[in-house]
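Some notes on the structure that comes next.
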Protein chains: 2
Amino acid sequence: MSNHEGQAASTGEARANVLRLSGPCERWARDADFIRETLDLVGDKWTMLVIGALASGDARYSDLDTEIPAISRRMLNLTLKRLQRSGLVDRTACAEVPPCVEYSLTSLGGSLLSAVEHLAAWCAEQHTEIRRHQDTYDTNAATRSA
Amino acid sequence: MSNHEGQAASTGEARANVLRLSGPCERWARDADFIRETLDLVGDKWTMLVIGALASGDARYSDLDTEIPAISRRMLNLTLKRLQRSGLVDRTACAEVPPCVEYSLTSLGGSLLSAVEHLAAWCAEQHTEIRRHQDTYDTNAATRSA
DNA sequence: CGGCATCCTAACAGATACTG
DNA sequence: CAGTATCTGTTAGGATGCCG
């Protein structure tokens with residue numbers, strides 16, 4: 001992990017991916033990469049749905065494809081691969097003759113699930129409020145441009 | 001106002017390809033949109049950093065630009081707009097003559113912050129484990145192809 | 001049936017120049 | 001100083017077809 005604390009402000013444009021905050025919230029800055037990385041992992045368009053689909057038990061490839069109609073095969077594969085790579089789901093192929101593969105949540109994946117459920121609860125709780133704000137904002141914007 | 005990106009952000013319906021799950025996890029299915037919506041809100045490349053920067057107190061536009069050197073003006077504006085639209089940050093302009101604008105976290109934004117901190121904690125806690133899994137996976141993949 | 005590889009389009013994101 | 005508009009490269013993601 002690239003944790004350059006190096007100072008390169010005035011020495012030209014060191015266009016590092018480092019995203020260093022200079023404010024008092026150094027911890028956020030330091031962890032930002034990890035957080036973002038993991039947030040990217042779960043914040044992606046499909047991950048959550050796949051995790052959710054697996055939360056209720058093991059599932060075969062086709063099951064997932066069926067349970068999440070909106071996903072494309074490509075994205076399902078990509079998502080599963082990524083989750084598998086990160087140790088969040090397990091893949092079990094029974095035999096090669098009539099290919100039948102089962103996916104399941106690992107304990108790590110399960111722990112993520114509960115972490116996300118926290119956020120999910122917040123969403124469920126606040127989404128009306130958020131909507132309201134957005135509507136108000138949009139109305140104002142529309143009025144202003146009218 | 002033909003801001004395609006702004007509209008893309010505001011038309012949740014456009015990307016709400018419904019994503020219905022037919023499995024036993026209907027609740028996830030029903031909430032998936034909200035969760036994804038909010039996850040999109042915070043999981044985006046910059047939101048977290050901006051929220052983090054604002055967590056320590058109000059900040060002016062330039063402050064944010066300074067605190068997050070890697071962000072472009074465009075993205076900073078877009079991000080702030082979106083957060084403001086959703087009622088997560090407040091924008092206060094003192095006067096039009098020498099433009100000076102302050103951004104601050106609303107209470108809603110603050111509550112999101114704590115919700116995300118939960119997830120952030122999980123990230124910080126598990127990212128080593130995740131890394132390990134990824135390395136193992138990559139090594140196996142490399143071995144297999146060798 | 002499960003899983004890649006390919007092509008292609010649309011959304012995303014950076015740099016830059018301009019306005020109030 | 002605080003934004004907005006435009007032009008452009010980069011990437012995410014859908015459709016499809018082949019191969020185990």
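Quick note on labels: first sequence line is chain A, next is B, and so on, each numbered from 1.
Looking at residues two or more places apart in sequence or on another chain, you find no side chain to side chain donor-acceptor pair (under 3.5 Å) involving A/Y137. Under the salt bridge (Lys or Arg N to Asp or Glu O under 4.0 Å) criterion, A/R132 pairs with A/E129, sequence neighbours left out. Scanning for salt bridge (Lys or Arg N to Asp or Glu O under 4.0 Å) contacts around A/D90 gives an empty result, with sequence neighbours left out. Qualifying salt bridge (Lys or Arg N to Asp or Glu O under 4.0 Å) partners for A/R60, counting only residues two or more places apart in sequence or in other chains: A/D63, A/E102. Shown here are the salt bridge (Lys or Arg N to Asp or Glu O under 4.0 Å) partners of A/D58, two or more places apart in sequence or in another chain: there are none. For the ring pair (Phe, Tyr, Trp, His ring centres under 6.0 Å) test, no residue two or more places apart in sequence or in another chain qualifies with A/H133. Contacts of B/T79 classified as side chain to side chain donor-acceptor pair (under 3.5 Å), with partners at least two apart in sequence or in another chain: none. When the side chain to side chain contact (heavy atoms under 4.5 Å, CB included) test is applied to B/N140, the partners found at least two apart in sequence or on another chain are B/T136, B/R144. For B/D65, the side chain to side chain contact (heavy atoms under 4.5 Å, CB included) partners at least two apart in sequence or on another chain are B/I71, B/R73, B/L76.
In this structure, A/H118 and B/H118 have parallel ring planes: the angle between them is below the 30° cut-off, well short of the 60° mark.
At a non-hydrogen distance threshold of 4.0 Å, A/P99, A/V101, A/Y103 from residues 98-105 of chain A come into contact with DNA chain C.
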Which pairs, protein N/O on one side and nucleotides 10-13 of chain D N/O on the other, fall under 3.5 Å?
{"from": "D/dG13", "atom 1": "N7", "to": "A/R74", "atom 2": "NH2", "distance (Å)": "2.6"}

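When the side-chain nitrogen and oxygen atoms of B/K81 are compared with OP1 and OP2 of D/dG3, none of them lie within a distance under 4.0 Å. Distances shown here put every side-chain N or O of A/R73 at or beyond 4.0 Å from the OP1 or OP2 atom of C/dC1.
For the residue pair B/V42 and B/T47, the shortest heavy atom distance occurs at CA-CG2, 3.8 Å.
When rounded to the nearest whole Å, the span between CG of A/D40 and P of C/dA13 equals 10 Å. The CG-P distance, from A/L76 to C/dG3, rounds to 9 Å in whole Å. Atoms CZ (A/R82) and P (C/dC4) sit 14 Å apart, rounded to a whole Å. The nearest whole Å value for the distance from the CG atom in A/N77 to the P atom in D/dT16 is 17 Å. Here C/dA13 presents its P atom at 13 Å from CG of B/L49, a figure rounded to the nearest Å. Rounded to whole Å, the distance from CG on B/L80 to C1' on D/dT4 is 14 Å.
Every stem involving DNA chain C, taken as at least 3 paired positions in a row under the Watson-Crick or G-U wobble test at 3.5 Å, is listed here: C:2-20 with D:1-19.
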